[in-house]
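Note that this is a predicted model, so its numbers are computed, not measured. By convention in this document, chain letters (A, B, ...) are assigned in the order of the sequence lines, proteins followed by strands, and residues within each chain are numbered from 1.
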Number of protein chains: 2
Amino acid sequence: MKSNSKSVKIDGIDKKILRFLMADARKPVLEIARNIGISGAAIHQRLRKLEASGLLAGSKFIINPKVMGYTTMAYIGIYLDKAMSNPKAVKLLGEIPEVLECHYTTGNWSILIKVLCKDNEHLMHVLNKEIQQIEGVSRTETFISLAQQIDRQITI
Amino acid sequence: MKSNSKSVKIDGIDKKILRFLMADARKPVLEIARNIGISGAAIHQRLRKLEASGLLAGSKFIINPKVMGYTTMAYIGIYLDKAMSNPKAVKLLGEIPEVLECHYTTGNWSILIKVLCKDNEHLMHVLNKEIQQIEGVSRTETFISLAQQIDRQITI
DNA sequence: GATGAAAAAACCAGACT
DNA sequence: AGTCTGGTTTTTTCATC
């Protein structure tokens with residue numbers, strides 16, 4: 001799976017196929033074929049080509065965290081001491097399962113992370129007993145997401 | 001598809017099934033069956049149950065934005081005038097395809113969004129010609145993600 | 001891209017424990 | 001309840017045009 005092939009050519013049919021599969025990864029190829037009006041084999045070949053180009057980065061089942069009791073999402077900006085290297089901090093953050101995203105950002109913070117917790121108490125625990133305990137983390141700023149109102153991939 | 005059924009019971013087999021499908025939504029049920037050691041029909045039934053419980057929020061093909069030329073990701077904190085309502089702002093932000101996430105957050109900003117652009121010039125355009133043009137947006141703070149080092153769902 | 005055939009998987013109904 | 005065993009339908013996959 002290559003990942004940096006520049007200028008992958010995508011025509012209108014490819015876009016239609018991808019739009020179907022981005023919405024539902026398990027949609028049968030033949031069903032898409034009937035919708036678009038070409039054969040299933042053609043779609044199959046296009047998918048092989050798109051996969052080889054590195055455009056397709058896999059597929060995922062999406063689970064609803066709320067049903068599992070995870071209702072508190074937050075972004076946390078982290079200030080690191082000069083002595084603390086970014087890769088080491090990322091490694092340690094990666095060991096905290098509540099950390100879903102980690103970005104090395106410009107601006108005030110060294111790192112911006114997204115965490116998902118069951119409730120505010122859980123979030124407090126993750127902040128005080130997990131993140132703040134990491135050596136090199138000097139300060140944090142927390143922004144709780146009261147509602148996630150948009151969540152999507154890029155439009156193709 | 002219910003979405004708020006509290007206390008959905010998940011046993012070890014359910015977890016194994018979900019872990020397979022969260023990593024690859026198109027993995028054949030029979031293949032999972034062989035891995036776990038139960039019949040395909042049993043897995044099929046469990047998936048129906050999990051779907052009915054609202055835990056399964058669908059599946060998605062993941063495309064690699066880099067291959068499409070989108071290499072600049074950023075978080076933007078937005079300050080809204082008192083006169084601007086959150087829902088209206090969200091509606092207008094939703095019309096900007098580069099906006100992938102939108103959170104209503106506690107803290108300094110009214111809204112925190114994630115945007116994905118082709119390059120810095122594109123990001124500048126989205127900031128100045130799209131977001132800043134929205135009536136009620138008084139100020140923004142931008143944090144460019146130099147590298148996304150973790151990206152995952154909650155662990156089950 | 002399309003077609004047709006073989007292999008695999010999904011799906012369903014009834015029996016089992 | 002939850003799971004299994006067949007049997008049918010559908011989909012995937014491959015070779016060929």
Item to complete: Flag the pair A:Tyr75 / B:Tyr75 as yes when their ring centroid distance falls below 6.0 Å, and as no otherwise.
Response: yes

Worksheet entry | C:dA8 OP1/OP2 closer than 4.0 Å to side-chain N/O of B:Arg34 |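 No, no such contact exists.
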
Discussion item. At 4.0 Å (heavy atoms only), tell me whether A:Ile32 reaches a base, stays on the sugar-phosphate, or touches nothing.
Written reply: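 Counting heavy atoms under 4.0 Å across all strands, no contact is made by A:Ile32.
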
Discussion item. Checking B:Asn86 against B:Ser110: is there a side-chain donor and acceptor pair closer than 3.5 Å?
Written reply: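 No, B:Asn86 and B:Ser110 have no side-chain donor paired with an acceptor closer than 3.5 Å.
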
Item to complete: Verify the distance criterion only: is there a donor paired with an acceptor across the side chains of A:Glu141 and B:Asn108 at less than 3.5 Å?
Response: no

Item to complete: Provide the Watson-Crick or G-U wobble partner of C:dT17, both distances under 3.5 Å; none if there is no partner.
Response: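 Paired with no nucleotide.
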
Item to complete: With the side chain of A:Ala42 defined as its heavy atoms from C-beta on, choose the nearest nucleotide among D:dT3, C:dG1, D:dC4.
Response: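 Looking only at heavy atoms from C-beta outward on A:Ala42, the closest nucleotide is C:dG1.
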
Protein-nucleotide distance ([X], atom [atom1]; [N], atom [atom2]), rounded to Å:
| X | N | atom1 | atom2 | value |
| --- | --- | --- | --- | --- |
| A:Asp11 | C:dG1 | CG | P | 6 Å |
| B:Ile38 | D:dA1 | CD1 | P | 18 Å |
| B:Arg46 | D:dA1 | CZ | C1' | 10 Å |

Worksheet item: Is B:Arg48 atom CZ crowded by more than 12 heavy atoms from other residues, nucleotides or ligands, each under 6.0 Å away?
Response: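 Check fails, neighbour count at 12 or below.
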
Name the pairs: protein N/O against N/O of nucleotides 12-16 of chain D, kept only if under 3.5 Å.
residue	atom	partner	partner atom	Å
D:dT12	OP1	A:Val29	N	3.1
D:dT12	OP1	B:Arg26	NH2	3.3
D:dT12	OP2	A:Val29	N	2.9
D:dT12	OP2	A:Leu30	N	3.2
D:dT13	OP2	A:His44	NE2	2.8

Worksheet item: Any chain of hydrophobic side-chain contacts (each under 4.5 Å) joining B:Ile113 to B:Met73?
Response: no

Practice prompt. Looking only at non-hydrogen atoms, find the nearest pair between B:Leu116 and B:Pro65 and report the distance.
Written response: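 Residues B:Leu116 and B:Pro65, closest heavy atoms: CD2-CB, 3.5 Å.
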
